[in-house]
Amino acid sequence: MISMERLFLVFCLICTSCANYAERLEPTHASYYSGQLNLAEASLRDLIEDADRDDQPLLKLELASVLQARGNYAGAAALLIASDSWFEVLDYTNSSVDDIAGFAFSVEGVYRVSPPERVMINTQNMINHLAMKDTEGAAVEARRLSALLDRDDIADDELFANSLAWGLAGLAMEANGRVGEAGDFYNQLGAGHPLAPPAAGTEPGMGTIVVVGQLGRAPRRREASFLVRIDGCSQQLNLPVLQERIGGPTGARVSVDGVDRGPVPEVFDLGHHLLQRYDDEFPRLLAAAMAQAVTRSAISEIAGNALAKSVTDDEDDSEALEGFLGCLIQLIFANSLTADVRCWSLLPGRYHAKRLSVAAGSHIVKFVPTGGGVAQSFPVSVGAGEIVLVNLVSGPGEGYRYQPPPRVRRLYSGPELRLARDLVVFRL
Amino acid sequence: MLPMIGSGCRPKAFDSIPSREIMLMLRFLLASLVIITVIGCDPTFQRGTDDSSIDQAAMSTRLDRVDLEKALDDWYGQFGSSKFLDQSGDGSKTLAVLRIDNDTSEHISSALTTLISSVETRIVNDGDFRVVTNDQIAKNAIAAEMQRIDEVDQSTMADLGMQLGVQYFISGRVGDSAEKTADARRVQYFLFLRVTEVQTGRVMFQSQIDITKQISS
């Protein structure tokens, strides 16, 4: 006879699987990209209130993005200042298979940011402080960016890949009157970089307006199933993948007081950078998933066997149940060990920026995204020798369209699989 | 060769685990989940007047009230026993506290503003100098002039001092040395405050205050 208590236990086990981070954030994305920023903020605040402590820091990064898009730079800055010390960094491109297995396939524990996300905390906060004309706060963020160079968990190449960050750091120091420190940052920029100061310096009676356009959307992590053949057996593995997101302007132009000042050049393609990194991450993620699958399969089989025997004492019932529960528990384990798809999902895909010299006084800066998005005008007051930043986030005007997670993919051969197999064999 | 995943690769060690123990483990896990859900946690609010220890605890590597009080006490201890105060602090001279530049990697500007106000308060209450606080524009102009480092135009400074009506001003900067290990972050602050004579640009008094904060896990 099967007891109700034991069936309830089985039911509870089934219920452990729930919506992942990307799915929980979908209503926020719908509001954000539809331009309903108040709803996006409200839904994020609800999520933060309901979330466990592990998810709150990451959700607050998302909230900082929404607040910045709403022009609440002080609110966004406060969140990012606090978040500077919240996160540890985990780099899937060079971490051990065991470390990746411990974090990439567990949604438990505080999210560990990727190196590009860590750099973006200081980058976004320089934008916040400069937009508020808080040059001292921007300078602090520039020093924090510089301090990342001393850390072992972020490669210097990763830091220098983001020339927007170094350009903003130079601007922050220059705006704060620290010419020498500004020069140190500007030296990291290539020749002719749009944020580099003019060789002749700022003319008397002139100020500087820096326009920053955050266009499109960075790819975000989703869960994808891969069918992998290992020694003749086909296995399904769930991996976090980076999903490219469609939509958004292709470029932007800027005008000041109705006079066209030309296109705003791209200074950092964050989306492309993340996708390039993922090419290096993928074999290690695959290896970690394969290593997890070995353990998972063994445990679920044993548990299924044991549960079947305990649910009923009848010999025939036990045999009948064993197969069914074994499969059921295997399914539950497979679902509960889902890929960690947490990431800072409201970051833009590309950053465009331009430095404009203008006469001191009041101006109207018009930012016109090309190929999608909505033009926006900003009244700007700039003093002689002053640097003022104008920030446009095109996301809220780009429109929302649901993108389903990627389908199951077959991965029966290829260099990634060979590298992953080598990594697993090396680990064993 | 990779291990096979499936019925053929079941480790023998697992066969020895009795089913009753597995059931007990599963029950324990379920019970723990229920207890954690039911108990929950409400925030607790406290007043510093009810429990003075809450003011003492360091919550971050930024500067808090205890740090600012220490900085003020240290500074005034040195300033109070200085020759400058002895010779010039007769209550007839005018002085302005300009600003303390934040050269650190910490967002402590509001704490530094508080420190400036505390320094002003202490000097006003002691009556050694007449403190000018009402012309922020002239103060900013002097501060901007000072920031030119090697190119400070002393005649401009003197003019600005006349405009502000001060003979001395106090200014400062705070720098830091921040280091991080796997489980700790330490910030050492170095606060420098000096008194400058507006007319001549001479530094009449300078002091250094060191504060260290650490956060560890």
Side-chain angles (χ1 to χ4, degrees), chain A residues 5-6 8-10 12-13 16 77-78 81-82 84-85 88 125 129 134 136-137 139-147 150-153 176-181 228 230-233 235 290-291 293-299 301-303 305-311 326 385 421 424-425 428, chain B residues 1-27 29-31 33-34 36 41 60-62 99-110 112-113 143-144 146-149 175-183 185 187 215 217:
Chain A
E5 180 197 2
R6 286 164 180 175
F8 175 69
L9 181 63
V10 173
C12 287
L13 281 168
T16 51
I81 288 169
D84 192 82
S85 58
E88 292 294 319
N125 220 7
H129 285 285
D134 174 12
E136 190 170 294
V140 168
E141 289 300 323
R143 287 191 200 98
R144 288 183 167 195
L145 173 79
S146 187
D150 298 330
R151 290 176 56 153
D152 295 334
D153 50 5
N176 199 232
R178 293 156 198 275
V179 180
E181 286 177 88
V228 181
I230 306 168
D231 292 332
C233 293
Q235 297 294 327
M290 287 158 77
V294 175
T295 319
R296 193 173 65 197
S297 179
I299 292 172
E301 213 179 295
I302 301 298
N305 188 6
L307 196 58
K309 282 180 182 161
S310 66
V311 167
R421 284 173 57 115
V424 174
V425 171
L428 291 173
Chain B
M1 194 178 81
L2 288 172
M4 290 280 289
I5 303 168
S7 58
C9 64
R10 194 165 107 182
K12 293 287 177 197
F14 284 100
D15 285 337
S16 60
I17 301 174
S19 60
R20 185 178 294 175
E21 287 183 15
I22 289 181
M23 281 305 296
L24 277 172
M25 280 165 59
L26 290 171
R27 280 179 181 174
L29 283 172
L30 187 64
L33 271 173
V34 171
I36 289 165
C41 288
S60 76
T61 52
R62 287 195 268 176
R99 71 178 196 187
I100 302 171
D101 286 331
N102 176 15
D103 288 349
T104 74
S105 56
E106 296 289 321
H107 289 275
I108 53 169
S109 53
S110 61
L112 296 179
T113 306
M146 283 174 61
Q147 212 167 46
R148 288 152 56 93
I149 306 173
D176 72 344
S177 170
E179 289 180 286
K180 190 176 186 298
T181 61
D183 54 3
R185 181 167 188 272
V187 182
I215 186 166
S217 55

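Everything numeric in this text was worked out from a predicted model, so none of it was measured. Note on naming: letters A, B, ... go to the chains in the order of the sequence lines (proteins, then strands), and numbering restarts at 1 for each one.
Here the closest non-hydrogen pair linking A:Glu136 and B:Asn102 is OE2-CB, 3.2 Å.
A:Ile81 contributes atom CD1, which lies 11.5 Å from atom OG of B:Ser60 (distance to the nearest 0.5 angstrom). For the atom pair CZ of A:Arg144 and OG1 of B:Thr104, the computed distance is 8.0 Å after rounding to the nearest 0.5 Å.
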B:His107/A:Glu141 under side-chain contact (heavy atoms from CB on, under 4.5 Å): CA gap, chis, key distance, verdict: CA-CA 8 Å; B:His107 289 275; A:Glu141 289 300 323; 2.6 Å; yes

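In this structure, B:Arg62 has no salt bridge (Lys or Arg N to Asp or Glu O under 4.0 Å) partners at least two apart in sequence or on a different chain.
Here the side chains of B:Asp176 and A:Arg143 are not in contact, with every heavy-atom distance at 4.5 Å or above.
With a 4.5 angstrom heavy-atom cutoff, B:Glu179 does not touch chain A via any of its atoms.
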